[in-house]
Amino acid sequence: MISGNVARFRDAVIVGGGVIGSACALAMSRKGMSTLIVDNASVGKPASYGNAGHIALEQPTPLASLAVLRGAPGRLFAVGGPLDFRLRDAASWGPWAIRYLQACRPDATVAGTRALATLLAAAGTAWRALVQDLGAPDLLVEQGHLLVWETAQAAARGRASWSAAETGAVRLRDLSGDERRTLQTRVAVPLADGVAFEGTGQIANVSRLLATLDEVHRSRGGARRKGRVVDVREVEGRPHLTLDDGATLTPAVVVIAGGVGSGALMRRAGHVAPVVAERGYHIEGPPGDWGDLPPVVFEDRAMIVTRFTDRLRASSFVEFARADSPADPRKWARLRHHARVLGLPLAEAETTTWMGARPTLPDYLPAIGCSRRIGGLIYAFGHQHLGLTLSAITGELVGDLALGRTPAIDLSPFDIARFERGWRGS
Ligand SMILES: Cc1cc2nc3c(=O)[nH]c(=O)nc-3n(C[C@H](O)[C@H](O)[C@H](O)COP(=O)(O)OP(=O)(O)OC[C@H]3O[C@@H](n4cnc5c(N)ncnc54)[C@H](O)[C@@H]3O)c2cc1C
């Protein structure tokens, strides 16, 4: 539990200034706490920048499931799919994979779905409140998204799989004639079939979101400092941070929200935190004549195309590797190949590339809660493919924890202690 000194000192350091840390800092500053974000900004643009911008409320079933496991061989990069493993980095993902197999037990998947569904059910409302608080309601675009198949076989498989899937409050329907025609005029290959999802959304511009979070946080007295936190321990009943430049910080509250970097810090604090880097790639360029379509998933290509205010982004891949290993240029080449075949307006000369890591725990549930080892230490990381979607609700929950209030959602499934001895999946 957080000790009673939290409300009295009201000072907090948030480790990590990605979308999760920024949302936490904003929620805490809104509640009157003075907040400092410490971010190791020198290591490139994180997942919070490079993601597909999709508010994916339709995905309560964790990817730790027998169905995903059975489908894995057919989804390997070597046979044209998105899934890859960097063999030289096997030490970073091998032990994680053993835990992942345990988390694929059917009862663990059912429990995980129930847990994730509670977060996703609150995520849309939290997002509406967050963009209002930021004074930027246009950042959230609630126009659903589209998903298409290029062959009749893929469509039959995809429809069967989606109709059996748990999608929470999100509804699927057939594409309207207009949607079908508009899509077909945008892509150069014949589309066999497609569906529209109602109840999902997108962020209009992820870079602007991050800039606005920072701006409003500062306007409330929040601060940001560059630096890498290298140690966290307890000194005289408070969390004590050491930075790579030798500085030390001893606030009343520390929030570990460093994405993949959270694992090392949580281990320093005495926790078992098997977070892995699930790396993804995007290419991005001017939107050309793509228009203002909502995000479009090309399911046969495992690729999502998102129109942001000023750019068009095509994202894909799940690559298990160390976060800091070199990028694999074959992934950008494959994205370019898809863009060429589909006739997307992502001309090579004007296209930029990006690679970054999703922070993922073996059961594909985030870790959100209070440390039982260090008083005043809160954690919020491991949001896997759903970090943007879950950032607003995570901020609210962490804000409650920091003030010693009981959050509206039961956080026991997200307790990091679940990975300690005796763990058999969620
Ligand atoms: C290709 C791709 C597409 C995606 N699409 C979507 C999507 O459409 N919708 C969705 O909901 N999610 C999506 N995601 C997932 C989402 O982007 C992530 O879950 C989310 O960004 C994680 O946010 P974070 O703040 O936890 O971590 P990060 O974005 O990784 O930020 C962590 C920050 O902490 C800093 N840090 C780490 N360690 C330290 C340290 N020791 N000291 C100081 N600072 C530190 C890092 O430098 C970084 O700035 C996607 C991810 C990828 C890769």
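Heavy-atom basis, side chains included; hydrogens, waters and symmetry copies ignored. Each ligand, and each atom within it, is numbered from 1 in the order the structure gives.
Considering backbone and side-chain N/O of I20, one or more are found under 3.5 Å from N/O of ligand 1. When only interatomic distances are considered, the shortest N/O to N/O separation between S262 and ligand 1 does not fall below 3.5 Å. Considering backbone and side-chain N/O atoms, H54 comes within less than 3.5 Å of an N/O atom of ligand 1. Taking distance alone, with nitrogen or oxygen atoms compared against 3.5 Å, G261 stays at or beyond that limit from ligand 1. For ligand 1, one of its N or O atoms has an N or O atom of G387 under 3.5 Å away. Looking at ligand 1, you won't find any N or O of Y281 less than 3.5 Å from one of its N or O atoms.
When non-hydrogen atoms are compared, ligand 1 lies under 4.0 Å from the side chain of V15 (C-beta onward) but not from its backbone. Only the backbone of H385 comes within 4.0 Å of ligand 1, counting heavy atoms alone; no side-chain atom from C-beta on gets that close. Residue-level proximity to ligand 1 for Q384 is carried by the backbone, the only part with a heavy atom below 4.0 angstrom.
Between the side chain of D84 and the main chain of F77, no donor-acceptor pair closer than 3.5 Å is present. The backbone N or O of M355 lies less than 3.5 Å from no partner atom in the side chain of W332, so there is not a single donor-acceptor pair. Using modelled atom types, no side-chain atom of R180 and backbone atom of T182 make a donor-acceptor pair closer than 3.5 Å. The closest donor-acceptor contact from the side chain of R75 to the backbone of L83 lies at 3.5 Å or more, if one exists at all. Put simply, the side chain of R268 never gets that close to the backbone of R233: no donor and acceptor are under 3.5 Å apart. The closest donor-acceptor contact from the side chain of R373 to the backbone of G270 lies under 3.5 Å. Judged purely by atom type and a 3.5 angstrom limit, R218 has no side-chain atom pairing as donor or acceptor with the backbone of E215.
Residue L265 approaches ligand 1 through these ligand atoms, each under 4.0 Å from one of its heavy atoms: 41 (N). Numbered from 1 in the order shown, with element, the atoms of ligand 1 that lie under 4.0 Å from a heavy atom of G18 read 25 (O), 31 (O), 33 (C). Each of the following atoms of ligand 1 lies closer than 4.0 Å to a heavy atom of G259: 26 (O), 27 (O), 32 (C). Listed by atom number, the atoms of ligand 1 under 4.0 Å from S48 heavy atoms are 21 (O), 23 (O), 24 (P), 25 (O), 28 (P), 29 (O). For ligand 1, the atoms sitting less than 4.0 Å from at least one non-hydrogen atom of T389 are 9 (N), 10 (C), 11 (O), numbered in the order shown with element in parentheses. Ligand-side atoms of ligand 1 in range of V38: 43 (C), 44 (N), range being under 4.0 angstrom from any heavy atom.
Within the 4.0 Å heavy-atom shell around ligand 1 one finds G227. The closest approach between a heavy atom of G356 and any atom of ligand 1 is below 4.0 Å. Proximity of V260 to ligand 1 is not established, as no heavy-atom distance is less than 4.0 Å. Judged by the shortest distance from any of its heavy atoms, H282 lies outside the 4.0 Å radius around the atoms of ligand 1.
The shortest distance between side-chain heavy atoms of L26 and L134 falls below 4.5 Å.
If you check each of G258, A257, A277 against atom 37 (C) of ligand 1, the one with the closest non-hydrogen atom is G258. Taking only non-hydrogen atoms, the option from A23, A52, G16 nearest to atom 5 (N) of ligand 1 is A52. Distances from atom 17 (O) of ligand 1 to the heavy atoms of S316, A47, G21, G53 put A47 nearest. Of the options V229, L390, L57, T394, the smallest heavy-atom separation from atom 41 (N) of ligand 1 is shown by V229.
No more than 12 heavy atoms of other residues, nucleotides or ligands shown are found within 6.0 angstrom of CZ on R322. Within a 6.0 Å radius of CG in D292, no more than 12 heavy atoms belonging to other residues, nucleotides or ligands are found.
Considering all non-hydrogen atoms of both residues, I283 and L346 come closest at CD1-CD1, 3.9 Å.
A salt bridge links R208 with D138; the closest basic N to acidic carboxylate O contact falls under 4.0 Å.
When only modelled atom types and interatomic distance are considered, E278 and Y364 share a side-chain donor-acceptor pair under 3.5 Å.
Under a cutoff of 6.0 Å and an axis angle of 45°, R334 and Y281 do not form a cation-pi pair.
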